[in-house]
Amino acid sequence: MRRTRTVASTENASDPAPGRPSSRPPSLQEPTEPTGPLPPKSDQQGAQPRTPTGAEPGREPSTTAQQGEFLTTSQGARLRDTDHSLKAGRRGPVLLQDHHLREKITHFDHERIPERVVHARGAAAHGVFEGYGTAEPVCRAGFLAKGVRTEVFTRFSTVVGSRGSMDTARDTRGFATKFYTEEGTFDLVGNNIPVFFIQDGMKFPDVVHAAKPHPDREIPQAQSAHDTFWDFVSLHTEAQHHTLWFMGDRGIPRSFRMMEGFGVHTFRLSNSDGETSLAKLHWKPALGVHSLTWEEAQLLGGADPDFHRRDLADAIESGAYPSWELGIQVFPDNAEQSFEGIDLLDPTKFVPEELAPVQPVGRLTLDRNPRNYFAETEQVAFNPGHLVPGIDVTDDPLLQVRLFSYVDTQLTRLGGPNFAQLPINRAHAPINDMLRDGYGQQGDHSGVAPYQPNSLDGGCPFLAGEMDGALEDLPVVVPESVKERALSATFEDHFSQARLFWRSMTPVERDHIVDAYSFELAKCYEATIRERQLQSLANIDGELCARVAAALGMTAPERTIPAEDGTDGAPVTSAPLSQLGARWPTDGRTIGIVVDPDGDNSALLALHDAVVAASMTPIVIAPRGGEVAGVPVGRTFGTAASAELDALLLAGNPLTAPDARPSVDPTAGAPSSGEVEPRVGTLIDDCWRHAKAMGAWGEGRTALAARTAPGGAGLVAGEDGRAVLSEIRTLLESHRVWERFPADA
């Protein structure tokens, strides 16, 4: 029944005529006093808040998980059958009206979003960042203040390979962190190498197309050892510096937890007084920087292509939370935007720490694994343009293009402009953006005036003033110039910093670089490309070029540029560039323990607990699965591999297991004297070759002595496991037993 309404006078505000656009009459003048959003009109009510799975919203994480004990449609209707489509008779055609079939298949057809063009294969974790307060003199960003704790989400990734490629490919690694600050989201999107292949973002499609698999065969996957990559970098010589970095050990990191991170670009910081500085941002891992050997990377690519993501998740689950210190290199904000002859806008250059020390400003700790890979790790959307007050961009020509490219990419990859509303991307600060509608809109907006200025919504939202913590585009003077497609002459030096990197390597690291170039260039079909790349190596360093040329059976060319370095005041070497020479915590290291189930294992449980107490992970290796002395067996002789271990302990010398087939078992190697179980012998041999520390006691000493030279570096023989473990842990502080690598240089 329709209600009869009495016509009221226009002065009766309690009973207005229908059609009023806002819940409060507008003022005559444009509002100037900030107020919060107006409430809806009394006849309006938005959708009742529910989680995506139909539960009442709450703080418990389970409110967004599946609800109830029955299978339902996406609308909550319970289903009696999800095995058979609806047909016109048992042998008839499927009916279009089968709404459950269409919903189920449609969703399946669209389960996968397009993978990232680069950084497709990633792993991530949640954590917290705590500021030290030491950045206050140069940066007013609130999350850097002393004691401020900020939730973060960090994603690590390879660059070139697809989502299905292996973790341990030789490649640059992405290191991207989303800070959910109270002032808005800040994304620090960088790599584990401080320089990049290109100086101008215009070349980004070129370098990626060159590094990706050949388009006619889609091979090789996740590798740079092919013609198109070396064709590009040998012609576009600004890529030589970055290439040298990942031809070194940093191209195959041991773990995401043992990886440096770099913001790559120079940023402009401002403090509370409005003073500006230029800065580069660095992540320094608490566990030090450590890498795999090439052979380990290859073995893991087949045996455990998920090695890095497994390592990260397992470390967090076991409580060995990885952490990094965020540090900044600070430079004067001068008109040239350069420091000690180094152009700070050139992303192919870095500033040696001897010239500008890295000053710690906070600590990142990753302490929670994602619940759902797709919802979080895959759907997270980073953007170097996500900034907070106190941090601004510079005119770095690569960074400038990234500011456009990241948003443009997300529009396609995440299906529209509302990707910021996906749970993993939602800011932890109030949002009133006046953006409306579009694909994937999850907000239920109120008000009628999503425009500025307005009076119908009481003027809300207002623009923030100077005292309201507004994000500021810093007023930087732009010199009068001419529109042109060019770069500064200061970008023309492509070799001096690559030379600095090479000279800073230890003999062992140089050997690994030579081996990497020799392998990669040998994979190139065209001899012309190899010759051209050798010319670039000659311009970097004559020794490097000569050794690679010798491995390829080619003649080393002469340098074609002056021998002097191209930057004034640069050091000849820089110690922080080498991964060797320091000692680091052993948290999260994996210790293999070979046992004989028929021997004396009375102390095995105590040893196992001692490894755990030292924040390391023990893996018992036995002839068969099950338990030994109450300790679960983690690997059998057939599944254990040196590449997944950081050290090996031999608690016994088991007899040849019943399933051993030395003549055909691929893990057993050549026939042995019979003193050691064949696969255990191969494990010892591999650990020796991969420079792993090894220790033994009791009967285990027999096995160790049978496969290693007496007095060899990194070998510990003792009377009991606890004493041996103590010495092994000390050896692990150096990551490897580097003395075992004979230097060819």
Whether the side chain of [X] engages the backbone of [Y] through a donor-acceptor N/O pair (distance < 3.5 Å, no angle test) should be reported.
{"X": "Glu627", "Y": "Val633", "value": "no"}
{"X": "Gln221", "Y": "Ser165", "value": "no"}
{"X": "Glu218", "Y": "Pro213", "value": "no"}
{"X": "Arg740", "Y": "Trp688", "value": "yes"}
{"X": "Asn601", "Y": "Leu604", "value": "no"}
{"X": "Arg309", "Y": "Gly122", "value": "yes"}
{"X": "Glu376", "Y": "Asn372", "value": "yes"}
{"X": "Arg170", "Y": "Gly248", "value": "yes"}
{"X": "Asn369", "Y": "Ala125", "value": "no"}
{"X": "Arg530", "Y": "Cys524", "value": "yes"}

Is [X] salt-bridged to [Y], going by a charged N under 4.0 Å from an acidic O?
{"X": "Glu543", "Y": "Arg547", "value": "yes"}
{"X": "Arg254", "Y": "Asp311", "value": "yes"}
{"X": "Asp541", "Y": "Arg499", "value": "no"}
{"X": "Glu260", "Y": "Lys284", "value": "yes"}
{"X": "Glu719", "Y": "Arg701", "value": "yes"}
{"X": "Glu378", "Y": "Arg163", "value": "yes"}

Hey, what do you get for [atom1] ([X]) to [atom2] ([Y]), rounding to the nearest 0.5 Å?
{"X": "Asp167", "Y": "Asp306", "atom1": "CG", "atom2": "CG", "value": "6.0 Å"}
{"X": "Thr682", "Y": "Glu677", "atom1": "OG1", "atom2": "CD", "value": "8.5 Å"}
{"X": "Tyr321", "Y": "Leu364", "atom1": "OH", "atom2": "CG", "value": "14.0 Å"}

- For residues 591-600, which residue pairs qualify under side-chain hydrogen bond (donor to acceptor under 3.5 Å, both in side chains), counting only residues two or more places apart or in two chains? Asp600-Ser602
- Query: Can the positive tip of Arg363 be found less than 6.0 Å from the middle of the six-membered ring of Trp324, inside 45° of the ring normal?
  - Reply: no
Does one side chain, of [X] or [Y], offer a donor that lies under 3.5 Å from an acceptor on the other?
{"X": "Arg121", "Y": "Ser162", "result": "no"}
{"X": "Arg589", "Y": "His735", "result": "yes"}
{"X": "Thr172", "Y": "His242", "result": "yes"}
{"X": "Glu520", "Y": "Gln533", "result": "no"}

Aromatic plane relationship, [Y] with [X] - under 30° parallel, 30 to 60° tilted, over 60° perpendicular:
{"X": "His126", "Y": "Phe153", "value": "tilted"}
{"X": "Phe741", "Y": "Trp738", "value": "tilted"}
{"X": "Trp230", "Y": "Tyr517", "value": "tilted"}

- Message: So, using ring-ring contact (aromatic ring centres under 6.0 Å, His included) as the criterion, who are the partners of His690 when residues are at least two apart?
- Response: none
- Might you confirm whether atom CD of Glu353 has over 12 heavy atoms from other residues, nucleotides or ligands at distances under 6.0 Å? yes
- Message: Walk me through whether Phe196 and His241 qualify under ring pair (Phe, Tyr, Trp, His ring centres under 6.0 Å).
- Response: CA-CA 8 Å; Phe196 205 64; His241 188 195; over 10 Å; no
- Out of Val508, Leu731, Asp646, Thr293, which one pairs with Arg736 under the side-chain contact (heavy atoms from CB on, under 4.5 Å) rule? Thr293
- Item | Over all atoms of both residues, closest heavy-atom pair of Met505 and Ile513 | CG-CD1, 3.8 Å
- Let me see the working for Glu296 and Lys692 under salt bridge (charged side-chain N to carboxylate O under 4.0 Å, His left out), right down to the final yes or no. CA-CA 11 Å; Glu296 286 178 308; Lys692 306 291 176 68; 2.6 Å; yes
- Query: Listed by chain and number, what are the side chain to side chain donor-acceptor pair (under 3.5 Å) partners of Thr702, not counting sequence neighbours?
  - Reply: none
- Task: Begin from the C-alpha positions of Phe175 and Trp283 and carry the test ring pair (Phe, Tyr, Trp, His ring centres under 6.0 Å) through to its verdict.
- Result: CA-CA 9 Å; Phe175 192 135; Trp283 291 113; 5.7 Å; yes
